Enquirer: 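Below is a structure I'd like to ask you about.
Below, chain A is the first sequence line, B the second, and so on; all start at residue 1. Predicted model, so just to flag it, every value in this text is computed and none were measured.
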2 protein chains.
Amino acid sequence: MRRVHAPSIDSRGLGRALEQLRVVVRAKGLKRSGVRDAVARAALEYEGHFTAEELLSVVRAKGETEAHAATVYRVLPLLVEAGLIQESLLSAGQGQRYERAFERGHHDHIICTSCKKVVEFEFEAFEVLQRDVSERLGFRLTGHVHELFGICKSCQHTS
Amino acid sequence: MRRVHAPSIDSRGLGRALEQLRVVVRAKGLKRSGVRDAVARAALEYEGHFTAEELLSVVRAKGETEAHAATVYRVLPLLVEAGLIQESLLSAGQGQRYERAFERGHHDHIICTSCKKVVEFEFEAFEVLQRDVSERLGFRLTGHVHELFGICKSCQHTS
DNA sequence: TTCTTTGCAAACCTTTTGCAACGGA
DNA sequence: TCCGTTGCAAAAGGTTTGCAAAGAA
């Protein structure tokens, strides 16, 4: 088991990610767009987990573009398809959340239900068991949601 | 690892469940209500996973009461608190789903993304590892969401 | 009588969609 | 030019809330 942290993406990585997006866009017969790239950049640079609304705020705050909510909602699925981001924190309620997936390893989450802190970890044993279970039940495994809930150390001491 | 099935609740179990609800209701200084009991009964007898909307249909179909959607939405959290049902299938999208929890063991789910079939299983190894992870990260574990996605055997052969 | 519960309608919140104007290739 | 993208407003879908009437204790 290894605790992991989302490293900030550097401009090199940003370039690679946008290139990857461009490839997908081209492959789908779509056209490039400045607004979409701005949304993609904001998503890639976002530290942590974000909703469409939160992403919209930072896009606007950066002031490069005047993206609208509908556009963000239209762009997000494409960014997922291109592998730049992934859906995350399914259980957080009110609003689908995303996090960067580009050049990040797979990980699960444990969330403090008191202070909402999220800690990410990698644990190969889970993946092994998941494959094992799936096979035994006759499924070809394609994905999973795995989130733990608890009370973090500082909240235990506070209460 | 053991595949498990939700057994139908019998009238004995139903009685115990409603009694448990009554205790919680009393403890919270609330009053008993026929509509709430009807919703609880329908939830307990529901085979499988249901949304508020689906539960409402069967309550109406049984014709005992003319429950309204708002009432169902108001009753569901209480049934969760009383341990009669639990939230489930977080990832199913459009509409929170629930399943009976009363007198059922803990289990996880694997869902066929093609035909939507849900298989339930118990695997103590997951629980052990989850406690292990939590402890090492300084959390007191209180719950988890664990859903696997894949393609079931018959969908593999069909496609 | 005193609260809780319910029906009902309206409000809410997130997400989707239709359409005309805009913008790449 | 051709077609994808965007802004905008309206709609949609699930859930919540305010309020008066009905129902327990």
Enquirer: Taking N or O atoms only and anything under 3.5 Å, show me the protein contacts with nucleotides 21-25 of chain C, one pair per line.
Expert:
| residue | atom | partner | partner atom | Å |
| --- | --- | --- | --- | --- |
| dG23(C) | N2 | Lys31(A) | NZ | 3.4 |
| dG24(C) | N2 | Lys31(A) | NZ | 2.5 |
| dG24(C) | N3 | Lys31(A) | NZ | 3.4 |

Enquirer: Can a donor-acceptor pair be found, under 3.5 Å and without considering hydrogens, that links the side chain of Arg100(B) to the backbone of Leu44(B)?
Expert: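 The answer is yes, because a donor-acceptor pair under 3.5 Å joins these two groups.
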Enquirer: Assign the ring pair His146(B) / His144(B) to parallel, tilted or perpendicular, where the plane angle (0 to 90°) is split at 30° and 60°.
Expert: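 Plane angle over 60°, so perpendicular.
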Enquirer: How is Ala67(A) classified with respect to the nucleic acid when contacts are heavy atoms under 4.0 Å: base, sugar-phosphate, or nothing?
Expert: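 If one applies the 4.0 Å heavy-atom cut-off, Ala67(A) turns out to touch the sugar-phosphate alone, with no base involved.
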Enquirer: OP1 or OP2 of dG7(C) versus the side-chain N and O atoms of Thr71(B): is any pair under 4.0 Å?
Expert: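 For dG7(C), OP1/OP2 do have a side-chain N/O of Thr71(B) under 4.0 Å.
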Enquirer: Hydrogens and angles aside, do His49(A) and Glu99(A) bring a side-chain donor and acceptor to less than 3.5 Å of each other?
Expert: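 Side chains of His49(A) and Glu99(A): pair found under 3.5 Å.
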Enquirer: Arg22(B) has an atom CZ; how far is it from atom P of dT4(C), in whole Å?
Expert: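 From Arg22(B) CZ to dT4(C) P: 20 Å.
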Enquirer: What is the distance, to the nearest angstrom, from the CG atom on Leu56(A) to the P atom on dT15(C)?
Expert: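 Checked: the CG to P distance equals 12 Å.
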Enquirer: Do side-chain atoms of Thr142(B) reach the backbone of Phe149(A) as a donor and acceptor pair under 3.5 angstrom?
Expert: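 The answer is yes, because a donor-acceptor pair under 3.5 Å joins these two groups.
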Enquirer: Separation of Leu78(A) atom CG from dG4(D) atom P, in whole Å?
Expert: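 Answer to the nearest Å: 13 Å.
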Enquirer: So which nucleotide from dG18(C), dC19(D), dT14(C) ends up closest to the side chain of Arg74(A)?
Expert: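 Nearest to the side-chain atoms of Arg74(A), counting from C-beta on, is dG18(C).
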Enquirer: Quick check on DNA chain D: between Gln94(B) and Val25(A), whose nearest nucleotide comes earlier from the 5' end?
Expert: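 Going by which nucleotide is closer to the 5' end, it is Val25(A).
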Enquirer: Nearest whole Å is fine: how far is dT5(C) P from Asp37(B) CG?
Expert: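 Asp37(B) atom CG is separated from dT5(C) atom P by 12 Å.
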Enquirer: Rounded to whole Å, please give me the gap between CD in Glu66(B) and C1' in dT6(C).
Expert: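 In whole Å, dT6(C) C1' and Glu66(B) CD are 12 Å from each other.
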Enquirer: Under a 4.0 Å N-O cut-off, is there an ion pair linking Arg104(A) with Glu120(A)?
Expert: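 So Arg104(A) pairs with Glu120(A) through a salt bridge.
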Enquirer: Roughly how many Å is it from CZ in Phe50(B) to C1' in dT15(D), rounded to a whole number?
Expert: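 Rounding to the nearest Å, CZ of Phe50(B) and C1' of dT15(D) are 16 Å apart.
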Enquirer: Could you give the CD-to-P distance, from Glu54(B) to dG13(D), as a whole number of Å?
Expert: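 One finds 15 Å between P of dG13(D) and CD of Glu54(B), rounded.
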Enquirer: Does Arg41(B) come within less than 4.0 Å of Asp37(B), counting only side-chain N to carboxylate O?
Expert: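 Judged by the 4.0 Å cut-off on N to carboxylate O distance, Arg41(B) and Asp37(B) do not form a salt bridge.
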Enquirer: Roughly, in whole Å, what's the span from CZ in Arg36(B) to P in dG7(C)?
Expert: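 Rounding to the nearest Å, CZ of Arg36(B) and P of dG7(C) are 12 Å apart.
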Enquirer: Are any side-chain N or O atoms of Glu147(A) and backbone N or O atoms of Leu90(A), one a donor and one an acceptor, separated by less than 3.5 Å?
Expert: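 Such a contact is found between Glu147(A) side chain and Leu90(A) backbone.
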Enquirer: Would you tell me if any nitrogen or oxygen in the side chain of Tyr73(B) comes within less than 4.0 Å of OP1 or OP2 on dT16(D)?
Expert: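 Checking dT16(D) against Tyr73(B), no side-chain N or O comes under 4.0 Å of OP1 or OP2.
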Enquirer: Under 4.0 angstrom, heavy atoms only, what part of the nucleic acid is Glu53(B) near: base, sugar-phosphate, or nothing?
Expert: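 Glu53(B): no heavy atom of the nucleic acid under 4.0 Å.
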